[in-house]
Structure formats: structure tokens, C-alpha cells
Amino acid sequence: MSILPREFYSEDTVVVAKKLLGKKITRKIKNEEISGIIIETEAYRHKDDPASHAFCKITERNERMFGEVGIAYVYFTYGMHYCFNIVAKNKRKQAGAVLIRAIHPIKGIKRIQKNRGITNLENLTNGPAKLSQALEITRKENGADVTKKSNLFITEGIKCKKITASTRIGIKKATERKWNFKIEVL
DNA sequence: TTGAGGATTGGCT
DNA sequence: GCCAATCCTCAAA
């Protein structure tokens, strides 16, 4: 299983968001391994995207979106939830990231169920905050390099035939942009 | 130093 | 469908 190279993430954010669908994300916790197929992503860009964290100005929190691609950007929100992003952008753009909204677990499901406190497969990882909880992603994972074999990385996955584009979820600006992408998994 | 608000979720109506 | 939970970040003073 080959890890996606950093060049994979140096295209336009929206393009990378589509390309990430069907790829496999692997998370290692001590001796246990959790992995799943990415089935839903959202693109967040820069000046042309009022809903993006990077829209206004650079701050301590969003500076990762302006940095090197292929780096994890984790942020905390609503007092209880983490969301997991991967920095991805065209070299001409200053900032951009892909939010991983949902995965399809294929390995370490028991561990995920334990993390989430439930066993219902459909509710394990079908939301950004659920996904982070399932993979034990916290602020400590902010800045992790997913192009290197470590505790958190992304590899080639399955081929996806059909991509569905929809409007992004949970935001109040630029809601007409169809930058939410998902695939069907059998 | 303080106050306001957020790329969400789950439970209740 | 609506709303509370709850803490980190930003911006203003």
C-alpha cells in the first residue's frame, strides 16, 4: 500500500477534495491500527471562500492552512468537537484545506466502537466530529504529516466510480458552492 | 483580561 | 426541527 506523495495535495483544493474520495486513511494507536475509506470531503479555500477559516486573515489557529500541503489541520469547535482537515492547495493559492467529513471503517472497528461508545456501524464515522473521536484525533495531531508513515497517514484506496457534489454543511456563508463531495460505498 | 461565537452533535419536542 | 453543551480562538480595550 503506497502512501500518497506530497504532490498529490498540491493541486487546487477542490480537485484534491474529489481525489481524496476512496483513499484510505490509517491511524495507529500504540499497537492497534484503525483504517477506513474516505467517503465524504469538503473543500475550503481562501479569498474566494467566505466560509473558510483562512478567508479573513492569518492567525495562530489557521496558519497551517497557509503552510505546506499534506499536513493535518485539526481544530476544536463548539466546545466539544474536533474536525480533521488536510492542507491542500494549488501552489498559486495562499491557503486551502480539505475537511474530511466521513469515512467507511474497514479495520479496527472494535476500537472505534469503544472510542465512540456505540456499536451502530452507521453512526460510527458519518460526521467530522464523530470521525475525529473514532480515530482519536485531537489537537495534538494538528500539524501531523500524512505523507509519511507515522501514526496518521493516507494511502491509495479503492477506485470510486460515482462522485456526488452537494452544498457544504454547517456553514452560513457561500452556501451555494457545491464543494461537498461523497461516494457511495457498498 | 474579557466576551462573543463557531466548518457539530445528540436529545427532546 | 430546535436548542443546549462547552472550550478554544480572536479581537477589543
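Predicted, not measured: the structure shown is a model, and the values here were computed from it. Note on naming: letters A, B, ... go to the chains in the order of the sequence lines (proteins, then strands), and numbering restarts at 1 for each one.
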Upstream residue (5' side of DNA chain B) when A:Leu131 and A:Lys172 are each assigned their closest nucleotide: A:Lys172
Classify A:Ile171 by what it touches in the nucleic acid, base, sugar-phosphate, or nothing, heavy-atom distance under 4.0 Å. sugar-phosphate
How would you label the contact of A:Lys173 with the nucleic acid (heavy atoms, under 4.0 Å): base, sugar-phosphate, or nothing? nothing
Take atom CG of A:Asn62 and atom P of B:dG6, then tell me their distance rounded to the nearest Å. 16 Å
So among A:Thr13, A:Ile171, A:Val98, which one has a side-chain contact (heavy atoms from CB on, under 4.5 Å) with A:Tyr44? A:Ile171
May I ask you to say what A:Glu60 touches in the nucleic acid, namely base, sugar-phosphate or nothing, with a heavy-atom cut-off under 4.0 Å? sugar-phosphate
How about A:Glu122: does its CD atom have over 12 heavy atoms from other parts shown lying under 6.0 Å from it? no
Contact class for A:Thr59 (heavy atom, under 4.0 Å): base, sugar-phosphate, or nothing? sugar-phosphate
Rounded distance in Å - CG (A:Asn123) to P (B:dT8): 17 Å
Pick out which of A:Thr41, A:Thr164, A:Ile37 makes a side-chain contact (heavy atoms from CB on, under 4.5 Å) with A:Leu21. A:Thr41
Take A:Thr125 and A:Lys130 through the test side-chain contact (heavy atoms from CB on, under 4.5 Å) and record every step on the way to the result. CA-CA 5 Å; A:Thr125 53; A:Lys130 297 176 185 177; 5.6 Å; no
From OH of A:Tyr73 across to P of B:dA7 the rounded distance in Å is 9 Å
Evaluation steps, side-chain contact (heavy atoms from CB on, under 4.5 Å), between A:Ile154 and A:Phe8: CA-CA 11 Å; A:Ile154 296 177; A:Phe8 179 90; over 6 Å; no
For B:dA7, is there a stacking contact with A:Tyr44, counting only centres under 5.5 Å and planes under 30°? yes
Have a look at A:Arg168 and say if it touches a base, only the backbone sugar-phosphate, or nothing, with a 4.0 Å heavy-atom cut-off. nothing
Atom NZ of A:Lys130 and atom P of B:dG11 are separated, to the nearest Å, by 10 Å
Rounded off to whole Å, could you give me the CZ-to-P distance for the A:Arg177 and B:dA7 pair? 16 Å
Pair A:Arg6, A:Thr147: side-chain N/O donor-acceptor within cut-off below 3.5 Å: yes
Involving DNA chain B, stems made of at least three consecutive Watson-Crick or G-U pairs, both distances under 3.5 Å: B:1-6 with C:7-12, B:8-12 with C:1-5
Taking atom C1' of B:dT8 as reference, at what distance in whole Å does atom CG of A:Leu124 sit? 17 Å
Atom NZ of A:Lys19 with >12 non-hydrogen neighbours under 6.0 angstrom: yes
Does A:Ala51 reach a base, just sugar-phosphate, or nothing at all? Heavy atoms under 4.0 Å. base
Can you tell me if A:His81 touches the phosphate of B:dT9, counting only side-chain N or O atoms and a distance under 4.0 Å to OP1 or OP2? no
Can we say A:Asp49 and A:Arg168 salt-bridge, meaning some charged N sits less than 4.0 Å from an Asp/Glu carboxylate O? yes
Given A:Arg111, which of A:Arg27, A:Glu33, A:Arg116, A:Glu136 fulfils the side-chain contact (heavy atoms from CB on, under 4.5 Å) condition? A:Glu136
May I ask you to check whether over 12 heavy atoms, not counting those of A:Lys93, lie within 6.0 Å of atom NZ? yes
Rounded to the nearest Å, what distance is computed from the CD1 atom of residue A:Ile100 to the C1' atom of nucleotide B:dT8? 17 Å
Under a 4.0 Å heavy-atom criterion, DNA chain C is touched by chain A from C:dA5 to C:dA11
Distance, rounded to the nearest Å, where A:Tyr82 contributes OH and B:dT9 contributes C1': 15 Å
Please tell me if A:Arg116 has a side-chain N or O lying less than 4.0 Å from either OP1 or OP2 of B:dG10. yes
